[in-house]
There are 2 protein chains.
Amino acid sequence: MTVWDRPEPPTRPAPLDRERIVAAAIALADEGGLEAVSLRKVAAQLDVGPMRLYGYISTKEELFDLMVDEVYAEILPEGRPDDWREMLRIHAERTRRTTLRHEWLADLLGGRPTLGPNALAVTESTLAALDGLADLDTVMRAVETVSAYITGALRREIANVRAERATGLSKRDWQRAYGPHVKRMLDTGRFPALAKAVYDGTDVDAETSFATGLDWVLDAVAAKLTPA
Amino acid sequence: MTVWDRPEPPTRPAPLDRERIVAAAIALADEGGLEAVSLRKVAAQLDVGPMRLYGYISTKEELFDLMVDEVYAEILPEGRPDDWREMLRIHAERTRRTTLRHEWLADLLGGRPTLGPNALAVTESTLAALDGLADLDTVMRAVETVSAYITGALRREIANVRAERATGLSKRDWQRAYGPHVKRMLDTGRFPALAKAVYDGTDVDAETSFATGLDWVLDAVAAKLTPA
DNA sequence: CTCATGTCGATACACTGTATTGCTTCGCTG
DNA sequence: CAGCGAAGCAATACAGTGTATCGACATGAG
């Protein structure tokens with residue numbers, strides 16, 4: 001369980017605080033992924049023994065929580081447009097940009113309840129944008145539905161990015177990239193619709209794909225918020 | 001060393017193939033989560049040295065992939081209703097039930113491209129259900145949007161289940177469960193909409209919440225598939 | 001100056017995924 | 001049947017992980 005409160009700082013001004021620890025962890029994760037984040041490496045980057053960290057953080061999971069909340073600060077929008085739909089669109093777009101900047105965020109998105117101050121502020125702002133447009137339950141459902149879409153879509157997008165990077169090939173060629181296995185599968189004729197999709201489908205870029213799906217979901221939300 | 005414990009010549013207890021390995025890994029993950037799956041423990045459960053596994057599996061990630069594809073078999077529907085919407089609904093429902101049976105699936109959902117035979121079959125069946133209802137790009141967008149929602153919604157649901165289990169408290173009390181911290185945050189007045197949602201919101205059960213959000217998304221998809 | 005306290009670095013432990021090594025046993029050849 | 005090559009498999013080894021514990025040291029109080 002995460003405690004977001006900063007512990008009382010040591011008597012003397014320490015060269016170390018949560019923020020520096022989290023920043024170091026994020027830097028490591030940004031280039032190397034989540035698996036590159038080890039307490040030893042974080043500590044090393046701060047010229048400190050590994051055990052020092054436990055004065056500020058009680059477990060590695062908590063460090064991950066702190067990292068997530070830290071990047072949620074990048075998601076939090078500055079202004080608040082009065083158009084709720086525009087507001088949700090911007091929120092989704094900012095989440096996407098942040099996830100592209102910090103790919104490891106995709107591994108954590110939706111993984112555990114996000115209760116840090118920045119995450120709460122983000123939730124507050126989206127809730128506020130929808131406040132009064134419908135009864136509370138409907139508003140909650142709207143927020144959760146949109147957020148579920150965002151989580152799922154971004155996880156898939158990052159998964160694809162990584163797969164392409166790993167094989168060095170474009171999505172157009174993924175069936176070859178993933179070895180003869182998938183291609184053989186498709187050629188068995190057991191998956192005609194899938195084969196057609198792979199061979200005949202145009203691959204739209206990830207951004208418009210994300211935006212289009214989002215628009216659909218927002219259409220659905222709009223229909224529920226403002227019943228005809 | 002007596003004469004009597006002589007023969008048992010084969011004593012070869014294990015045919016040991018991928019299926020047995022994957023089954024053992026799934027059993028471990030089912031009770032203990034993904035982190036309870038270690039190659040040593042899997043091997044131990046099969047009365048085998050850890051290195052034996054590398055004859056059938058080349059990395060732990062691959063084992064995870066195999067586990068995912070194995071449970072995708074539980075998602076694959078038997079019959080194919082001719083109503084595409086019913087088909088998608090059933091697919092989502094089966095995915096949810098499977099994820100509730102194997103909570104670790106939520107940790108893997110959307111994490112990497114799913115190219116196993118069962119996953120391909122599932123994709124094939126949903127694609128086939130929508131085939132011909134619109135141009136290929138629209139159909140793809142529909143499938144991906146629905147699947148993104150499913151991934152995100154199930155991840156959140158499992159995250160909540162775990163949080164409740166960890167604290168032993170119902171969602172109604174989560175603000176207390178997560179310590180005075182969140183409550184204090186809410187009471188600062190900086191999150192009025194959120195506070196209202198927490199205090200005044202009725203907590204609908206997860207199943208109808210999932211189904212309702214899904215219905216909205218399906219509404220949106222329907223509007224795109226069958227333009228007025 | 002002495003003593004208590006509490007911070008911090010080092011050490012330690014149990015465990016992880018995986019590479020390597022060396023044995024053992026089987027089937028084939030001469 | 002003797003011997004040998006090959007192949008499968010167990011054990012060992014290594015570098016790394018998260019975290020508990022312990023001992024030294026510095027700093028404050030009396």
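Within every chain, numbering begins at 1; the chains are lettered A, B, ... in the order of the sequence lines, protein sequences first and strands thereafter. Treat the numbers as computed from the prediction; the structure is a model and nothing was measured.
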Phosphate OP1/OP2 of dA10(D): any R52(B) side-chain N/O under 4.0 Å: yes
Within the structure, does a side-chain N or O atom of T59(B) lie under 4.0 Å from either OP1 or OP2 of dT18(C)? yes
Does the [X] side chain pair with the main chain of [Y], one donor and one acceptor, at a distance under 3.5 Å?
| X | Y | result |
| --- | --- | --- |
| R52(B) | A43(B) | no |
| R101(A) | E74(A) | no |
| R190(A) | P117(B) | no |
| T59(B) | E62(B) | no |
| N118(B) | A121(B) | no |

Just the rounded figure in Å: distance from [atom2] of [N] to [atom1] of [X].
| X | N | atom1 | atom2 | result |
| --- | --- | --- | --- | --- |
| E61(A) | dT19(D) | CD | P | 9 Å |
| K41(A) | dT17(D) | NZ | C1' | 10 Å |
| Y54(A) | dC22(D) | OH | C1' | 17 Å |
| L46(B) | dC9(D) | CG | C1' | 15 Å |
| E35(A) | dG16(D) | CD | P | 14 Å |
| R40(B) | dA10(D) | CZ | P | 15 Å |
| D47(B) | dC9(D) | CG | C1' | 15 Å |
| L63(A) | dT17(D) | CG | P | 14 Å |

Sugar-phosphate, base or nothing in reach of V42(B), heavy atoms under 4.0 Å: nothing
In terms of side-chain heavy atoms of [X], which of [options] is nearest?
| X | options | value |
| --- | --- | --- |
| K60(A) | dT17(D), dT18(C), dA10(C) | dT17(D) |
| M51(A) | dT19(D), dA19(C), dC14(D) | dT19(D) |
| L39(B) | dG17(C), dT17(D), dT16(C) | dG17(C) |

